[in-house]
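Quick notes on the structure that follows.
We name chains A, B, ... by the order of the sequence lines, and we start the count at 1 in each one.
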There are 4 protein chains.
Amino acid sequence: MEWKTKITKVEPNHLVTKGYRQEDLIGNVPYSHVVYLLLKDKLPSKEHGKMIDAILTACIDHGVTPPTAMASRVVASGGVPLPTAVAAGVLSIGDAHGGAIEKGAKFLQEGIARMKQDGKSIDEMAKILVSESREQKKRILGFGHRVHTADPRTKRLFSLADELKITGKHMNLSKAIEKELGEQTGKNLPINVDGAIAAISSDMGFDWRLGKAFFLLGRVAGLTAHVYEEQTQEKPMRKIFSVDCDYDGPNERDLP
Amino acid sequence: MEWKTKITKVEPNHLVTKGYRQEDLIGNVPYSHVVYLLLKDKLPSKEHGKMIDAILTACIDHGVTPPTAMASRVVASGGVPLPTAVAAGVLSIGDAHGGAIEKGAKFLQEGIARMKQDGKSIDEMAKILVSESREQKKRILGFGHRVHTADPRTKRLFSLADELKITGKHMNLSKAIEKELGEQTGKNLPINVDGAIAAISSDMGFDWRLGKAFFLLGRVAGLTAHVYEEQTQEKPMRKIFSVDCDYDGPNERDLP
Amino acid sequence: MEWKTKITKVEPNHLVTKGYRQEDLIGNVPYSHVVYLLLKDKLPSKEHGKMIDAILTACIDHGVTPPTAMASRVVASGGVPLPTAVAAGVLSIGDAHGGAIEKGAKFLQEGIARMKQDGKSIDEMAKILVSESREQKKRILGFGHRVHTADPRTKRLFSLADELKITGKHMNLSKAIEKELGEQTGKNLPINVDGAIAAISSDMGFDWRLGKAFFLLGRVAGLTAHVYEEQTQEKPMRKIFSVDCDYDGPNERDLP
Amino acid sequence: MEWKTKITKVEPNHLVTKGYRQEDLIGNVPYSHVVYLLLKDKLPSKEHGKMIDAILTACIDHGVTPPTAMASRVVASGGVPLPTAVAAGVLSIGDAHGGAIEKGAKFLQEGIARMKQDGKSIDEMAKILVSESREQKKRILGFGHRVHTADPRTKRLFSLADELKITGKHMNLSKAIEKELGEQTGKNLPINVDGAIAAISSDMGFDWRLGKAFFLLGRVAGLTAHVYEEQTQEKPMRKIFSVDCDYDGPNERDLP
C-alpha cells in the first residue's frame, strides 16, 4: 500500500518540488515556467518558457457565453464561496469545450507515429487522415470556430511558435490537414485556437493527456475574474439570461 | 435584464480583455501579470508583477496530504476526466484551508482602517486586536502552521516584499500582531504563508474578497500535476490511504 | 488519529447502516425513510415518514431557469459525464438558492428558544422579530417568491403538516411572522416553499444545519433528468440562452 | 435557438412535472417513484416502484473509504458549505467507481440485441461474450468485489427482482456470464451490486446511459450524512487518514 509521488517532498521547513526548493522557485522562476516544471519534470528552455506562458494567456477568457464562464457566473449567483463557483466552470471543460486540444493532440501524435511507421510524407499522411475521417464521418477536431474566421489568438500563437523555432512536424501535419480539408470539403476550416495549442504542445513534447490541462490552467484566471465580478457587482439570484424553452412533455393529467 | 462586464469584449476575430487585445497580451505580458490585470483592471508595475508571480508560485503545492491534493487524487481514482478531479480539489478551498488569506486580509484591512479612524499607532492597534481576540476567544488567522515553524515560502515572500518595497502598513501590523501574540500568549506563532499573502496582497491594494483566489490560482498547478500523476501512474480505485475509523453508531438491530 | 462514524459499519458480506442491516432496509423501508434514518439516527414514525417524503418531492424541479438546473445543463453541454454535470448544479445551492431553508430554520429555532427564555407568546415574538429585522434592514428569509404568489407546493406541504399533526410552534411562529410582515410592511409576503420546509423540518426536530440538505436531496432528481435530457436530446456546445451583456471595461488600448 | 424540455412546465402558481401537478405528486406518490417518473416519463407499476426504491437504497453508503465518501469528508474538512462537499463526492462517480453499472448495462443491452439478431440462446451468447472479452483481455464489468464475496445487497436485489417478476433476459444473461466466467477462468467472480443493478435496470427498460444515475441518486443520501457528521463532530482540517507516500521525484538541486 506504499505509493510514490514525483511532485513535492514535504518536510518541516523544507519543501522540494520536482527537485527544486520552493524558496528558490518563488520570485526567481516565472509561475508559468513552474507550471511547465510540474507537468514535464524539468524547467523549460527560454523558448519553451515563452511558449507555455503564451499558451496559458491564450486561454484566459472568451467573455460570458462559453460554458466555463456561464457555469461559474450562474453558480456564483446562488450565493456560494468563490472557489465553489470557479470549480463549477472548470467542470464544464469536457470533450465539447476545450476537449479539442486533447483529442486534436492525440490525433496528431498518432498521425506522426503512423507516418513514421508507414514511411509516408506529411502531405500523404494528411490526405490519408482526411479521407479516412470523411469515410467514417468523424470530425477532425481543432479546425473551424463558431465565432472567429481568423482567430487573433491562433495567429499570434503560430507566429510565436515560428519565431521560437518550436514549429515542427505536428504543426506541419496540422497545416497539411487544414489544406487537405479545404480541398476535399471545399470549406474553409482554419486551425482554431484549440487546434493550435494541440499542435504546438505536441511539438513541445507534451503528452496529449494534458490537453485539457492547458485550457484549464489559463481559463481559471478568467473564471476567477467572472466570479469576483458577479459577487461584487451583481445581486444574488438575478436573472442572468433569457431562455426560449417550451415544455413539450406529457400533457397535464390526473394521478391514476 | 441588461448587464455589464468589464472583463472581455468578444467580437468576430477580435478579443479585448480589460482594454488590451488578447494577441497583444499573448507572449508579451507574462501570464501572472495577466492574472493581475484580470483582478485589478490594470497591468502591474514591475515590482507588483514580480510579487504576484511569487505569490502564485508560493501556493503551487504542499504534497499529497492537504484537502486540495487528497480530494483531487481520490476523485481521480474514481476514473473521471482531469478537469473534474482538479475541480474537486478546488472545492476544498474553504474557511479552514486557504481561507486564512481571505479572513486574515479582511482583519488587517479593517484593522488599518480602524487605526486611522481612532488615531492609533500600529503597535497600539496590534495590542488592542490581540487583546480583543483573546477576550472573544477568537483565533487571529494567518499565524502558526501545523508542519512548519519557519516556513521557507514565508521567509522568501517577506524578503521579496521588502526588496520590492511593497512592505507597508498591513505587513507592519501583521508583524506587530505576531510580536504581541508572542507576548500575550507566551507561544511562538509566526506569520504563516497564508498570513504573509494576506499582508502582502493587502499592501498591494487587493480586496480581501480575493484572498482565496490567490491560493486557488497557484494551487491549481499542483492539483493538475497530482491528477495527471494519479491517472498515468496509478490504478483506478486503488487504496490510497489507511483510515482508523470505528463504527460507533446504533447497535445492530432488527427492523421494528 | 482514530475517529468514529455513526453511519455505516463495513465488514465482509455485512453492511450495517445506523444499526440496520442494509439487506433489511432494501425493499422494506422506503428510500425517503432511509434518508430520514441517515440524518436523524432513527426510522421515522408513519407521519414523519410521509412528511419527509413529501419534502423531498416538493424540491424535485422548478424548470430550466434556476441556477441548479442551468448550471447542470450548461456544464453538460461541455461534454462531461452525467455525475460531473449533476454535481455542478448541486454546487449552486447556496445562501441565495435553497439557502432560505437553512437560514429560515435557524431563525425560527432561535426565535422559539428566545420565546421560551423570555416568556413571550408566539404573536409577541413575531412582532419583536419583524420589528428588529426592519430596524436592522435585514430580510427575514422564507417569505415571498419571484414567480409564485400562491405556490402550489407550499399549500400542499401546509395541509399535509396539519393532517399529519406535525404543525407545531415553528410553523405557528412562521405564520405569525407572515401576518406581522403584512401588517408592518403592507406587502403580501407569503411563506414560500423554502420557508415552509424550514418550519416543518424544525417542527420535526431537524437541525437547521441540514436546511440545504433537504433541497439538495430532492433537487438532485430533477438535475439528473435535466442532464440526461441535455445529453440525449441536444447537441454539445449548443447555444442554450441569450445574454444581453455589454462590455464596459477599459477602452481598447495599446500595451504600455 | 428555441428548445424544448419534457421535464417541468413552470407557470405562476402552477408546476407540472412530466404531466403531473407537483401538488398532486407531493405526499401522494413516493419520492422514489417520482425519480422513476423523471427518468422514464411515466409512473412505475407497483412492482417497478418497489424495485426502483430498493435500487436507490442499495446504493446509500459503503462506509468512509470509497472515493465518494472520502472526497466528501476531505472537502468538508476544508470548511465549505454542505452542498459543496456533497458535490465533491458526486464528482468521484466515474468509470472506476459506480461506472460498472453503466458499462455493465451497455454490455448486457448490446448482448441481448446481438443475441436476437444472431439467433443465439442466452447460454451461447454468454459463452461468446466471455470468450471474446478474454481474447481482447477486457474485463467484463459488474463481476467480483474487493470486499464482499457474497454481497448482502446483491442477494437482496436478486430475490426482490425474482419476487416482483422483474427478472428477465438481461439478468439471465448476467447469470449465464457469471457461470461461464467461472468455467473459463476457474475463478469465482459473482455478480456484484453494480452488476445486479445493471441487469435489473436493463430488465426494467432503463437506458444504460442512466447507469451512473441510480448510484448517484442513492449515494447522495450517505454523502449528506458523511458531510453532516464531519461538520458537526470533527474539527476543520483534522488529519483524516494516514498516507504512506514517498517522494521519488528528481533529487534536490540548485536552480540552473
Side-chain angles (χ1 to χ4, degrees), chain A residues 61 63-100 102-103 139 141 145-147 212 215 225-226 229-231 233-249, chain C residues 61 63-100 102-103 139 141 145-147 212 215 225-226 229-231 233-249:
Chain A
D61 195 51
V64 301
T65 56
T68 30
M70 191 48 77
S72 280
R73 297 209 70 130
V74 163
V75 168
S77 83
V80 302
L82 182 141
T84 298
V86 171
V90 171
L91 292 180
S92 75
I93 300 175
D95 284 347
H97 183 37
E102 181 180 315
K103 293 207 170 165
R139 246 185 92 203
L141 294 173
H145 194 280
R146 58 179 192 172
V147 179
K212 287 176 185 133
F215 181 56
H226 280 291
E229 192 176 78
E230 184 72 29
Q231 291 183 327
Q233 304 299 319
E234 307 289 346
K235 287 192 185 159
M237 278 294 279
R238 70 178 175 113
K239 200 163 181 307
I240 295 183
F241 45 76
S242 66
V243 170
D244 197 1
C245 178
D246 278 327
Y247 173 78
D248 70 340
Chain C
D61 196 51
V64 301
T65 56
T68 29
M70 192 47 80
S72 280
R73 298 210 68 132
V74 163
V75 168
S77 82
V80 302
L82 182 142
T84 297
V86 172
V90 171
L91 292 180
S92 76
I93 300 175
D95 284 347
H97 184 34
E102 180 180 315
K103 294 207 169 164
R139 248 184 91 202
L141 294 172
H145 193 280
R146 57 179 193 171
V147 179
K212 286 178 185 130
F215 181 56
H226 279 291
E229 190 175 80
E230 185 71 27
Q231 291 184 327
Q233 304 299 318
E234 307 289 346
K235 287 191 184 160
M237 277 294 279
R238 70 179 175 113
K239 201 164 180 307
I240 296 184
F241 44 75
S242 66
V243 170
D244 197 1
C245 178
D246 277 328
Y247 174 77
D248 71 339

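In this structure, Ala71(C) and Val75(A) approach most closely via the heavy-atom pair CB-CG2, 3.7 Å. Counting all heavy atoms, side chain and backbone alike, Thr84(C) lies closest to Leu91(A) at CG2-O, 3.7 Å.
In this structure, the portion of Ile93(C) lying under 4.5 Å from any heavy atom of chain A is its backbone and not its side chain.
No other option in Val64(C), Val80(C), Thr65(C) has as many heavy-atom pairs under 4.5 Å with chain A as Val80(C). When each of Gly79(C), Ala87(C), Ala96(C) is scored by its heavy-atom pairs under 4.5 Å with chain A, the top score falls to Ala96(C). Between chain C and the residues Pro66(A), Ala76(A), Gly89(A), Gly94(A), the most heavy-atom pairs under 4.5 angstrom are made by Gly94(A).
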- Message: Run the side chain to side chain contact (heavy atoms under 4.5 Å, CB included) test on Met70(A) and Val243(C) for me, step by step, so that the C-alpha distance in whole Å, both residues' side-chain angles and the decisive distance to 0.1 Å come before the verdict.
- Response: CA-CA 10 Å; Met70(A) 191 48 77; Val243(C) 170; 3.6 Å; yes
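Taking 4.5 Å as the limit, some side-chain heavy atom of Met237(A) sits within range of a side-chain heavy atom of Pro67(C).
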